[in-house]
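Inspection log for the structure reproduced underneath, given as structure tokens.
In what follows, every chain begins at residue 1, and chains take the letters A, B, ... in the order their sequences are listed.
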Amino acid sequence: AQSVTQPDIHITVSEGASLELRCNYSYGATPYLFWYVQSPGQGLQLLLKYFSGDTLVQGIKGFEAEFKRSQSSFNLRKPSVHWSDAAEYFCAVSSGTYKYIFGTGTRLKVLA
Amino acid sequence: DAMVIQNPRYQVTQFGKPVTLSCSQTLNHNVMYWYQQKSSQAPKLLFHYYDKDFNNEADTPDNFQSRRPNTSFCFLDIRSPGLGDAAMYLCATSRDLQQASNQPQHFGDGTRLSIL
């Protein structure tokens, strides 16, 4: 069965520091992978997606993620965090159908 | 801009009193989804429409129903809301059921439902 694990429930970083949010998935074939961000009281906004091809994916707002098949990971990174990045981040996996399996989310706090 | 719009953003209802949440889209997508998201949890898929075909997730309670009168609109009806139904309800769309078309799901801003 497919599953997604986001090991870090909360992460706190200082503004300007680098960020890495972890995501590990369990799936037998090549997955479709997504990162979404949810600001307080808002819906989910797609940051980036991996379907195939280049394993380093660039997204919006300066985020990138790297698909590592050998580690079953799809970690999200940003070189310099801004205060407006404070939000909850969800990793999701799909087998290529409409069914998304979401992780439980990582809440990011940014210190001024 | 093409988008997914949910109304209202906040809804308060009484225990047991039917409530309807609405979603509209200008993306002209074939598929519309309803998710329930409780505090600090991942979104949970309740059901989806592919065009007019309705598909219920196996563990979605009968208390939740949906209507899709046309391509643009989809409604979530909660027949007798209980305290456990207080949550954020997210509507999403996608062009197709298969992601191979490189079309991810697009989400609205949600409706936060409170039960008194």
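Contact between A:Gly103 and B:Ala42 at its shortest, heavy atoms only, is O-CB, 3.0 Å.
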*asked:* Go through it in stages, so that I can follow the logic: the residues are B:Arg9 and A:Gln42, the test is side chain to side chain contact (heavy atoms under 4.5 Å, CB included), and I'd like the CA-CA distance, side-chain angles, deciding distance and then a yes or no.
replied: CA-CA 9 Å; B:Arg9 293 294 313 280; A:Gln42 304 290 320; 4.0 Å; yes
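Proximity of a side-chain donor or acceptor of A:Arg107 to a complementary backbone N or O of B:Ser40 within less than 3.5 Å is not detected.
Using a 4.5 Å cut-off between side-chain heavy atoms of Ile, Leu, Val, Met, Phe, Trp and Tyr, with links allowed through other members, B:Phe107 and B:Val31 fall into the same hydrophobic cluster. In the hydrophobic clustering of ILVMFWY residues, with side-chain heavy atoms under 4.5 Å counting as a link, A:Phe102 and A:Tyr25 come out apart. Under the 4.5 Å side-chain heavy-atom criterion for ILVMFWY residues, no single connected hydrophobic cluster contains both B:Met32 and B:Tyr50. Cluster membership for A:Leu33 and A:Tyr36, using ILVMFWY side-chain heavy atoms within less than 4.5 angstrom, is not shared. There is no path of hydrophobic side-chain contacts, each under 4.5 Å, that joins B:Trp34 to B:Tyr10.
Within a 6.0 Å radius of CD in B:Gln14, no more than 12 heavy atoms belonging to other residues, nucleotides or ligands are found. With a 6.0 Å radius and a threshold of 12 heavy atoms from other residues, nucleotides or ligands, B:Asp51 has its CG atom above the threshold. Surrounding CD1 of A:Ile9 are at most 12 heavy atoms belonging to other residues, nucleotides or ligands under 6.0 Å away.
Interface remark: B:Tyr35 contributes side-chain atoms only to the contact with chain A (heavy atom separation under 4.5 Å). Within the 4.5 angstrom heavy-atom criterion, only side-chain atoms of B:Gln37, from C-beta onward, approach chain A. Interface residue A:Gln38: only side-chain heavy atoms are found under 4.5 Å from chain B. Within the 4.5 angstrom heavy-atom criterion, only side-chain atoms of A:Leu46, from C-beta onward, approach chain B.
Using a 4.5 Å cut-off on side-chain heavy atoms (C-beta onward), B:Pro43 and A:Phe90 make contact. With a 4.5 Å cut-off on side-chain heavy atoms, A:Lys99 and B:Glu57 count as touching. Proximity of A:Tyr100 to B:Gln105: side-chain heavy atoms (C-beta onward) are separated by under 4.5 Å at one or more points.
When each of B:Met88, B:His48, B:Gln41 is scored by its heavy-atom pairs under 4.5 Å with chain A, the top score falls to B:His48.
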